[in-house]
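Below: the structure, in structure tokens.
Position 1 is the first residue of the sequence; numbering continues from there.
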Amino acid sequence: MPGLFSRTPKEADATYDASGIIPVHVGIIMDGNGRWARARGMPRAAGHRAGTKNIRRVLIEAVEIGIKALTVYAFSTENWARPKDEVNHLMRLISQGIQDELDELDARGVRILHSGRLAGVSPSLQEEIRGAVARTKDNDVITLNVAFNYGGRAEIVDAIKAIMRAGVSPEDVTEELVSQHLYASDLPDPDLIIRTGGEFRLSNFLIWQAAYAEFYSTPTYWPDFDEAELRKAVAVFQHRDRRFGKIKDAER
Ligand code: FPP
């Protein structure tokens with residue numbers, strides 16, 4: 001018997017429909033790199049390397065499907081608490097990723113955005129991130145928003161600070177105004193949040209923007225999350241009944 005929180009049989013059978021509704025913005029919590037590596041008797045760093053490579057595969061498939069924006073959770077404000085070696089390795093991967101992939105990303109029409117705080121990041125990496133964002137700003141095939149040194153609560157705090165600095169009076173504070181002061185304010189709210197690695201939580205990812213996002217969790221570890229897995233997630237999304245707090249017309 002399906003448990004209270006398990007996926008319904010209908011979702012397990014969901015098939016992807018290329019002419020169905022396609023999520024515009026998809027957020028991905030790329031979890032399970034460490035377990036993927038351990039399962040192969042490899043160091044965690046190997047899992048992060050494989051995870052970094054996987055972003056390319058999923059991004060290409062996202063373009064194929066017609067998704068217009070991907071936000072990937074690359075490094076959270078809480079990840080600084082990991083062992084120093086692992087933190088350094090993740091920093092190097094991001095830097096290397098930009099150096100190795102920027103030409104191709106730009107050529108493919110990928111617009112790169114960064115969500116998160118640059119303060120606390122090494123000056124050279126700050127420069128690389130700013131450079132990647134500036135170079136690709138006019139691209140329009142897909143937006144790759146990299147949540148790096150990112151925390152959803154920190155993002156809301158930063159928005160509040162910006163609003164207060166602008167001298168906005170309390171009566172003028174609206175949900176729209178807060179949304180406009182978030183890091184990637186020109187992106188629509190995510191329609192779908194995917195979490196690999198089997199957990200069912202947001203872990204401080206896009207907590208404001210995900211208010212009405214559909215949540216999809218798969219036990220697949222991030223490095224193994226391939227094209228078919230992305231299509232499966234979209235298929236499940238297509239079978240969801242999104243009501244945004246309202247009721248269905250048929251039930252009026
Ligand atoms: C979670 O796996 C993954 C991370 C904390 C980091 C994800 C980062 C990348 C894939 C690199 C990003 C690079 C670029 C260029 C954007 P985990 O270590 O928590 O795995 P575990 O839960 O199995 O231990």
Side-chain angles (χ1 to χ4, degrees), residues 1-32 54-55 57-74 76 113 115 141-147 150 152 155-156 175-176 178-179 182 184-252:
M1 200 188 88
L4 191 55
F5 297 108
S6 69
R7 279 188 236 141
T8 61
K10 194 174 119 198
E11 289 199 347
D13 295 340
T15 50
Y16 168 70
D17 174 6
S19 58
I21 181 160
I22 302 295
V24 176
H25 178 189
V26 176
I28 307 184
I29 302 174
M30 308 181 290
D31 201 7
N54 198 43
I55 296 173
R57 167 163 75 170
V58 169
L59 183 70
I60 292 171
E61 185 62 10
V63 171
E64 202 59 38
I65 289 174
I67 292 165
K68 294 305 291 179
L70 266 191
T71 296
V72 294
Y73 205 3
S76 76
L113 286 184
S115 282
V141 173
I142 192 168
T143 298
L144 176 64
N145 180 30
V146 182
Y150 174 86
E155 179 175 35
I156 296 168
E175 291 186 11
E176 288 69 32
V178 174
S179 291
L182 299 176
S185 56
D186 68 335
L187 288 186
D189 286 345
D191 304 293
L192 171 64
I193 304 276
I194 297 170
R195 181 166 189 146
T196 62
E199 313 287 355
F200 284 79
R201 54 175 172 267
L202 278 177
S203 300
N204 207 13
F205 182 57
L206 303 180
I207 52 175
W208 174 277
Q209 300 90 325
Y212 288 102
E214 294 296 325
F215 187 76
Y216 174 84
S217 175
T218 171
T220 303
Y221 296 145
W222 171 247
D224 287 332
F225 186 88
D226 62 8
E227 295 90 342
E229 294 266 357
L230 181 62
R231 282 178 191 252
K232 180 72 195 172
V234 172
V236 168
F237 170 83
Q238 291 176 327
H239 279 71
R240 295 271 173 89
D241 176 21
R242 301 185 82 195
R243 291 190 296 277
F244 301 95
K246 306 185 181 99
I247 57 169
K248 281 195 278 191
D249 285 346
E251 290 165 359
R252 276 176 207 275

Distance in Å, [X] [atom1] paired with [Y] [atom2], rounded so as to fall on 0.5 Å steps:
{"X": "L230", "Y": "I67", "atom1": "CG", "atom2": "CD1", "answer": "4.5 Å"}
{"X": "I207", "Y": "I193", "atom1": "CD1", "atom2": "CD1", "answer": "11.5 Å"}
{"X": "W222", "Y": "D31", "atom1": "CH2", "atom2": "CG", "answer": "11.5 Å"}
{"X": "D191", "Y": "K68", "atom1": "CG", "atom2": "NZ", "answer": "13.5 Å"}
{"X": "I156", "Y": "L182", "atom1": "CD1", "atom2": "CG", "answer": "7.0 Å"}
{"X": "I28", "Y": "L70", "atom1": "CD1", "atom2": "CG", "answer": "5.0 Å"}

Would you say the side chains of E155 and Y150 form a donor-acceptor pair under 3.5 Å?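 Their side chains do contain a donor-acceptor pair, which is all the 3.5 Å distance test asks for.
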Can you see which heavy atom on [X] is nearest to which on [Y], and at what distance?
{"X": "D224", "Y": "R57", "value": "C-NH2, 3.9 Å"}
{"X": "G27", "Y": "P190", "value": "N-CB, 4.4 Å"}
{"X": "H25", "Y": "T71", "value": "NE2-OG1, 2.7 Å"}
{"X": "P223", "Y": "G32", "value": "CD-O, 4.3 Å"}

Out of the candidates N54, I55, V58, only one should pair with M30 under the side-chain contact (heavy atoms from CB on, under 4.5 Å) rule; please name it.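 Testing each of N54, I55, V58 against M30, the sole residue satisfying side-chain contact (heavy atoms from CB on, under 4.5 Å) is I55.
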For A184, all residues meeting side-chain contact (heavy atoms from CB on, under 4.5 Å), sequence neighbours excluded: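 A184: side-chain contact (heavy atoms from CB on, under 4.5 Å) contacts with L113, S115, N145, L187.
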More than 12 foreign heavy atoms under 6.0 Å from CD of E64: is that the case here?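 Not buried by this count: 12 neighbours or fewer within 6.0 Å.
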So with a 6.0 Å cut-off around CD1 of I21, is the heavy-atom count from everything else above 12?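 Counting other residues, nucleotides and ligands, CD1 of I21 stays at 12 neighbours or fewer.
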Would L192 and V236 satisfy side-chain contact (heavy atoms from CB on, under 4.5 Å), going step by step from the backbone distance to the final call? CA-CA 10 Å; L192 171 64; V236 168; over 6 Å; no
Applying salt bridge (charged side-chain N to carboxylate O under 4.0 Å, His left out) as the test, list every pair that has at least one member in residues 201-221; sequence neighbours left out.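 Qualifying pairs: E199-R201, E214-R240, E214-R242.
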Please check: side-chain N/O of Q209 versus main-chain N/O of D189, any donor-acceptor pairing under 3.5 Å?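 Here the side-chain-to-backbone pair does not exist.
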Are the side chain of K232 and the backbone N or O of Y16 linked by a donor-acceptor pair below 3.5 Å?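 Not a single qualifying donor-acceptor pair exists.
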Does the pair T196 and Y221 meet the rule for a side-chain contact (heavy atoms from CB on, under 4.5 Å), with working shown? CA-CA 6 Å; T196 62; Y221 296 145; over 6 Å; no
In terms of ring plane angle, is the pair Y73 and F205 parallel, tilted or perpendicular, where the classes change at 30° and 60°?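 The arrangement is parallel - the two ring planes meet at less than 30°.
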According to the interplanar angle, ranging from 0 to 90°, do the rings of F215 and F200 count as parallel (below 30°), tilted (30 to 60°) or perpendicular (above 60°)?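 Taking F200 first and then F215, their aromatic rings sit tilted (interplane angle of 30° to 60°).
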Audit row: Q238, I22, side-chain contact (heavy atoms from CB on, under 4.5 Å) steps and yes/no: CA-CA 7 Å; Q238 291 176 327; I22 302 295; 3.8 Å; yes
Run the side-chain contact (heavy atoms from CB on, under 4.5 Å) test on F237 and V26 for me, step by step, so that the C-alpha distance in whole Å, both residues' side-chain angles and the decisive distance to 0.1 Å come before the verdict. CA-CA 11 Å; F237 170 83; V26 176; over 6 Å; no
